[in-house]
Amino acid sequence: GGTTAHGFDCSNMSPVNRWNGCPYSQRYYDMLQKRTRLPVWHQKREFLKALKDNQVLIIAGETGSGKTTQIPQFVLETIDVESAYKHKRFMVVCTQPHRLAAMSVSCRVAQEMDVTIGEEVGYSVRLDDLISDKTVLMYLTDGMLLREAINDPLLWRYKVIILDEANERSLATDVLLGVLKGVLKKRHDLKLVVISETHKAKKFQNYFFGAPLIKVPGRLHPVEIFYTQEPERDYLEAAIRTVVQIHMCEPPGGILVFLTGEQEIEDACHKITKEVSNMGDEVGPVKVVPLYSTLTPLMLNKIYEPPPSPLTKDGLAGRKIVVSTNIAETSFSIDDIVYVIDPGFAKQKVYNPRVRVESSFVSPISKASAHLRSGCVGRTQRGKCFRLYTEKSFKNDLQPKTYPEILRSNIAHTVLTLKKLGIDDLIHFDFMDPPAPEALMRALEVLNYLGALDDNGNLTKLGEILSEFPLDPHIGKMLVASSKFNCSNEILSISAMLSVPNCFVQPGKAQKASVDKAKARFRHIDGDHLTLLNVYHAYKQNNEDESWCSENFVNYRALKFADNVRHQLACIMIRLNLKLCSTDLNNRDYYTNIRKALLAGYFMQVAHLESKGHYLTMKDNLVVHLHPSNCLDHKPEWVIYNECVLTSKLFIQTVTDVRGQWLVEIAPHYYDLDNFPQCEAKQLLKKIYKKKVETRNKTR
Ligand code: ADP
Ligand code: MG
């Protein structure tokens, strides 16, 4: 005990950890000392009093003030160990919009509490969890809490629910807000803490009937902002150039660069490392670290490591350079960052309900986002933010804020979840920002075509089943159908592969030829879905070997994840009594069955090859083109596609050849010609229907 150098008095503390009865380790005290210096620490008493007196509480503060790691621990102080273990239902949960954040923060907090991760502190994210019956604090994704509400509508297991990063307004958070508002009315013993970024706090206060707000004081040090004189032609090249300049000319301190996606970030990391090493000993060594959502928590830890040491005793100082997606705007705070580079772009999801196209675009960020980015420095010392756009552009071109996800998404799965929660009147559901009526209607229509909702909008038996899959309902439908088409083992693998976007490594231009050659080995001429299946099978046949993956330009991490997803999905199928089966590989229907099962899920995503040489999507009549990445050796008359992407043209990606006859066999309710716009496909379908009637009459 005694008073430490920082004036922190631990003499009156129990030396025994009340959660597991073990004496505290030295690391615990070291970490505690750092924790007491976080801004929120000084508001602990105020927070605990407000929590006692109110059912809902809003906390607002800048990134890095200690909200995510400390607030849940403060809440735990109000919980009695005995009763926590006896009643099993007095758990504290903290939601996160990003699975990576939920996993890594829980590990950090387990360390701070001096307990083993997965025991007293755990996490639960889609398709992965680490909890035990001792768990008293759980970090989980907002989507997982929503799923729990399905089985336990009043969330009886929880005593305090903390909605973290509510300002991010993820789809699941928005739905949870509405659901929790209802639960709070029925459970007076339940408490809710909403954590938000400062500027958005007011809106949450209003939504929760003027709940009190606790503001955590922000940054202490000034941040200098620089703009470019002229617009940059190539933001990526400009970002890399700026990194190198800072490294050459500016005093020590970490750099954080915002880019848009995994591949771009990996490429940039390579380029930065290479350029710096080309400069030899004119500059200090660098440690370049990527940060994006599909990293593992272990890989993520690198962002918190110190910069590399100088190469020689009197050598130049080393520097840490983190290259991240916008996940670093609020989810992760890195203390030793002094310079931020903001090229002004992010990948954003956009959904057009009229044509049912959801796509990710690289688009300009909002002013709010730019503020968050510049706020990533200045916490521990003065900082600099380099915006790679002009000041005029910042003032005139950037939108004031980013629209919540619910206004930009395909909400079919959300609607299914709400129906399962027993919320039938979606029009009057208390959304903080209600989705557009058109998006809602579209979702209801899609679910009706899939057979998840009946004509009165009620959940069907199939709808109940589809809501059990943490996936887009189309994929759920495909899985359900696959048992009947005798290929559920294969459809499981394809579904898992579809949930990992980058199964091939995409190195620089130099290696493109060898990558294409490697890809060709897995190619199935009837379509990309079957190619994905080949990749998965090859991975398993080669014993999930990492070096086999790198030799074949297959992304080992992606495959490993897909395999895990597959396992989880298989468990759900077994639980739902859906048969796991395969057609014999030598049977000539092996691939036909798989293609039919694919169609059973994706019959609303079909395009037809028109006589002019382009494709037209069914019913919406959009002109689309096969994405150049496809592996077909021909242009099939009919294709199903997994997604539409808009770049120079509207492309359909991940496509597979299907037959016109199957459309009529598998989805006659959708291919109902009375409700079909004029197009070449309609004429063809007419003929197919006619032929079908004729053969039926003949066989009679
Ligand atoms: P907020 O939620 O207010 O943004 P956090 O609670 O996430 O703040 O972070 C508080 C502090 O803990 C920050 O200084 C951050 O850098 C540090 N921190 C969080 N996770 C880790 C980790 N895994 N390793 C080292 N430091 C961490
Ligand atoms: Mg946080």
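All ligand and atom numbering here is 1-based and tracks the order in the structure. In this text the structure is predicted, and so the values were computed from the model without any measurement. Counting begins at 1 with the first residue of the sequence.
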So do [Y] and [X] actually touch side chain to side chain, heavy atoms under 4.5 Å?
X      : Y      : answer
Val175 : Thr417 : no
Pro290 : Glu266 : yes
Leu256 : Val377 : no

Which of the atoms of ligand 1 are close to [X], meaning less than 4.0 Å from one of its heavy atoms?
X      : value
Glu62  : 3 (O)
Thr63  : 4 (O)
Ser65  : 1 (P), 3 (O), 8 (O)
Asp335 : 13 (C), 14 (O), 16 (O)

**Message:** So for Gly66, does at least one of its heavy atoms come nearer than 4.0 angstrom to any atom of ligand 1?
**Reply:** yes
**Message:** Check contact between Ser333 and ligand 1, using heavy atoms of the residue and a distance below 4.0 angstrom.
**Reply:** yes
Starting from [atom], which protein heavy atom do you reach first, and at what distance in Å?
atom                    : answer
atom 6 (O) of ligand 1  : Thr69 OG1, 2.6 Å
atom 4 (O) of ligand 1  : Gly64 N, 2.6 Å
atom 19 (C) of ligand 1 : Tyr304 OH, 3.8 Å

**Prompt:** If you take all heavy atoms of Ala101 and Gln96, which pair is closest and at what distance?
**Reply:** CB-OE1, 3.7 Å
**Complete:** Any heavy atom of Arg108 under 4.0 Å from ligand 1? The part involved is side chain
**Message:** Any carboxylate oxygen within less than 4.0 angstrom of a Lys/Arg side-chain nitrogen, looking at Glu264 and Lys347?
**Reply:** no
**Message:** Please compare Leu38, Thr68, Ile71, Val216 and report which has the shortest non-hydrogen distance to atom 7 (O) of ligand 1.
**Reply:** Thr68
**Prompt:** Within 45 degrees of the axis of the six-membered ring of Tyr207 and under 6.0 Å from its centre: does Lys181 put its NZ or CZ there?
**Reply:** yes
**Request:** For the pair His371 and Phe394, name the ring-plane relationship: parallel under 30°, tilted 30 to 60°, perpendicular over 60°.
**Result:** perpendicular
